[in-house]
Amino acid sequence: MTSKDLQAVRGTRDFYPDDMRLRSWLFAHFREVARCFAFEEVDAPIVEHEELFTRKAGEEIVDQLYHFELHERRLALRPEMTPSIARMVLARHKQLKYPLRWFAVTQNWRYERMTRGRKREHFQWNMDIWGEESVNAEAELIAAIFSLLQRVGLGDGQVKIRVNSRALLEETLLEGVLKQRPDAFAPLCVIIDKLDKIGKEAVIDQLSDPNGDVGLSQAEAEETVSLLEIKDFEEAAARAPQDSAAIAQLRQLFDLLQGYGVMEHVVFDASIVRGLAYYTGIVFEGFDARGSLRAICGGGRYNRLLETLGGPATPAVGFGFGDVVIAELLQDEGLLPDCVRCIDAMIFPFEEEQRPAAARLATQLRAQGKSVELVMAKKKLRRVFSDAETSGAQELYLLGSDEVGRGVARLRNLQSGEECDVPLPDSLSLD
RNA sequence: GUGGAUGUAGCUCAGCUGGUUAGAGCACUCGGUUGUGGUCCGAGAGGUCGCGGGUUCGAGCCCCGUUAUCCACCCCA
């Protein structure tokens, strides 16, 4: 239909006014929840040095970078917000007052194959807490997620959050199969993250690949995978090392979530490890209860990220919440709001002679903060009404020679149909 | 990457086994006379049928290629 170079690039979206109203609606909820939780908004450039994102743990996110070289600098569009936030924290870590509660609503880029719920650019609501070691931070973040879900109408169990702790798995493995190679833990997590998608056998194959980053034996790989199949927290606690710190933390978190009143929608799941290498402790992800969509949001604790950038050890935890999957879920559930255009007033001067008066009235109303459309072209009154209707205007001001001569405008309430004269701004009487 | 489906008006789509000037609904424009809408009525505009080849007397329809979108799988957040 249209030539290729006139189409939006594959995997990207144009936001027309209708789409944009919906997006703004969602973002407004993101921001309002963040405000209620006393988080401060930050932002960073969408383009960063490529090295900020390239970590060596076999993460696919690194292969999916939109990157380019410009004047001998290797640059990349951010695939996620956390590294940029970490960079910002690092740059001012000596003057910042912890704990930080920061959030951002950002556009992220990943070059990947598209399917339902996955585009190459998408927006994410990112909430991070820096400088808090306790699971009180995780609890606040998970509560914030439920607050958002509640606001958009998904608070009745349509979304559940799976929680696990990488530390739990790490404790067990470092005493066992990874005793000699603790470094293999991060790449191991990246592989385990795929369990749901590629299945048990494929994960065992990858873990036991002699040329891979992990290189377990077949038996070790099978043992590892069996640890992930635990869905019952008490069973996991029973199988964990005695006095396990990870179990204690999870228990503490679950108690807290009880207090926030959200625990009924939270489940323990030992297979959740997340696909990013930097997570160190508790990890979690939100998914629709029917399980028909991809993860809605996800996050976890990354206490060593700042160190890997050369900074001081700083505990941190955060999550990302994408705009695409949530919109699909809302649509499936019939919960997308009708975001119709709605302005406060339309002003119509019948003839050009009344335009100066109309302009003053518009200026006055706009100064009051109203959204006012001043009709620019000459048109039939019938047309003006119909245009006012489609613009969602509440009021229509009509200015004919008679009205302006009397220093008034005819004001019609478009809902009730009631009309009355209202005085024009004083200065107009001089005209 | 593999398989399938789709691509006809601005939008959603119809178009029987190939046959004359390609249709509908919605949207749009104008009108139903002078300054009162959302309804109704009438009229109008708008399409090289994704693109390129081929078969045929004749192609929106058949064949080949190509491109885009969607779905599934593969792959992966």
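Just so it is clear: chains get the letters A, B, ... in the order the sequence lines come, proteins before strands, and each one is counted from 1. Hydrogens, waters and symmetry mates are skipped; everything else that's a heavy atom, side chains included, is used. Keep in mind it's a predicted model, so treat the numbers as computed, not measured.
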Would you mind reading off the distance between A/Met114 atom CE and B/rU2 atom P, rounded to a whole angstrom? 18 Å
Can you tell me how far P in B/rU39 sits from the matching atom in B/rU29, rounded to whole Å? 13 Å
Using the C1' atom in both, what is the distance from B/rC49 to B/rG7, to the nearest Å? 10 Å
By side chain to side chain contact (heavy atoms under 4.5 Å, CB included), A/His29 pairs with (sequence neighbours left out) A/Trp25, A/Leu148, A/Arg151, A/Val152
Separation of the P atoms in B/rC76 and B/rA14, to the nearest angstrom: 38 Å
With the side chain defined as heavy atoms from C-beta on, A/Arg118 is closest, among B/rC76, B/rC74, B/rU69, to B/rC76
Looking at A/Asp323 and A/Arg23, is any side-chain nitrogen of the basic one under 4.0 Å from a carboxylate oxygen of the acidic one? no
Using Watson-Crick or G-U wobble geometry with both distances under 3.5 Å, which nucleotide pairs with B/rU55? none
Which value, in whole Å, describes the distance between the P atoms of nucleotides B/rC30 and B/rU12? 25 Å
In the structure shown, which nucleotide is the Watson-Crick or G-U wobble counterpart of B/rG1, with both distances under 3.5 Å? B/rC73
Check this for me, if you would: do A/Arg13 and A/Asp19 make a salt bridge, where the nitrogen-to-carboxylate-oxygen distance has to be below 4.0 angstrom? no
Give a yes or no on this: more than 12 heavy atoms of other residues, nucleotides or ligands lie within 6.0 Å of atom CE of A/Met376. no
In Watson-Crick or G-U wobble terms, both distances under 3.5 Å, what is the partner of B/rA27? none
Could I get a table of every N or O pair under 3.5 Å where one atom is in the protein and the other is in nucleotides 30-37 of chain B?
unit_1 : atom_1 : unit_2   : atom_2 : d
B/rG32 : O6     : A/Arg382 : NH2    : 2.1
B/rG35 : O6     : A/Glu403 : OE1    : 3.2
B/rG35 : N1     : A/Glu403 : OE1    : 3.2
B/rG35 : N1     : A/Glu403 : OE2    : 2.9
B/rG35 : N2     : A/Glu403 : OE2    : 3.0
B/rU36 : O2     : A/Arg412 : NH1    : 2.9
B/rU36 : O2     : A/Glu419 : OE2    : 3.0
B/rU36 : N3     : A/Glu419 : OE2    : 2.8
B/rG37 : N7     : A/Arg412 : NH2    : 3.2
B/rG37 : O6     : A/Arg412 : NH2    : 3.2
B/rG37 : O6     : A/Leu414 : O      : 3.3
B/rG37 : N1     : A/Leu414 : O      : 2.6
B/rG37 : N2     : A/Glu389 : OE1    : 2.4
B/rG37 : N2     : A/Leu414 : O      : 3.4
B/rG37 : N3     : A/Glu389 : OE1    : 3.4

Using side-chain heavy atoms (C-beta onward) and a distance below 4.5 Å, is A/Val317 in contact with A/Leu141? yes
B/rC76 P sits how many Å from A/Leu65 CG, rounded? 17 Å
Quickly work out the A/Arg113 CZ to B/rU2 C1' distance and round it to whole Å. 10 Å
Rounded to whole angstroms, how far apart are OH on A/Tyr111 and C1' on B/rG1? 12 Å
Could you give the distance from OH (A/Tyr111) to CH2 (A/Trp109), rounded to the nearest 0.5 Å? 12.0 Å
With rounding to the closest Å, how many angstrom separate the C1' atoms on B/rA9 and B/rG23? 10 Å
List every contact pair, protein side and nucleotides 3-5 of chain B side both N or O, where the distance is under 3.5 Å.
none

Send over the distance from A/Asp14 CG to B/rA68 C1', rounded to a whole Å. 15 Å
Answer yes or no: does atom CD of A/Glu41 have more than 12 heavy-atom neighbours from other residues, nucleotides or ligands under 6.0 Å? yes
Around atom CD of A/Glu69, are there more than 12 heavy atoms from other residues, nucleotides or ligands closer than 6.0 Å? yes
When rounded to the nearest Å, what value does the distance between C1' atoms of B/rU17 and B/rG32 take? 47 Å
Rounded to whole angstrom, note down the P distance from B/rG10 over to B/rG50. 13 Å
If every non-hydrogen atom of A/Met346 is compared with every non-hydrogen atom of A/Val384, which pair is closest and at what distance? SD-O, 4.1 Å
With a 3.5 Å limit on both atom pairs, tell me what B/rU6 is paired to, counting Watson-Crick and G-U wobble, or say none. B/rA68
A/Lys378 atom NZ is separated from B/rU29 atom P, nearest whole Å, by 17 Å
Tell me whether A/Arg162 forms a cation-pi arrangement with A/Phe287, defined as NZ or CZ under 6.0 Å from the six-membered ring centre and within 45 degrees of its axis. yes
Looking at B/rG60, which nucleotide sits across from it as a Watson-Crick or G-U wobble partner, both distances under 3.5 angstrom, or is there none? none
Atom P, compared across B/rG42 and B/rA24: separation rounded to whole Å: 13 Å
Any strand counts, and the cut-off is 3.5 Å on both contacts for Watson-Crick or G-U wobble. Which nucleotide pairs with B/rA14? none
Where do A/Arg166 and A/Thr280 come nearest, in terms of heavy atoms and distance? CB-O, 3.8 Å
For the pair made of CZ in A/Arg13 and C1' in B/rC70, what is the distance, rounded to whole Å? 16 Å
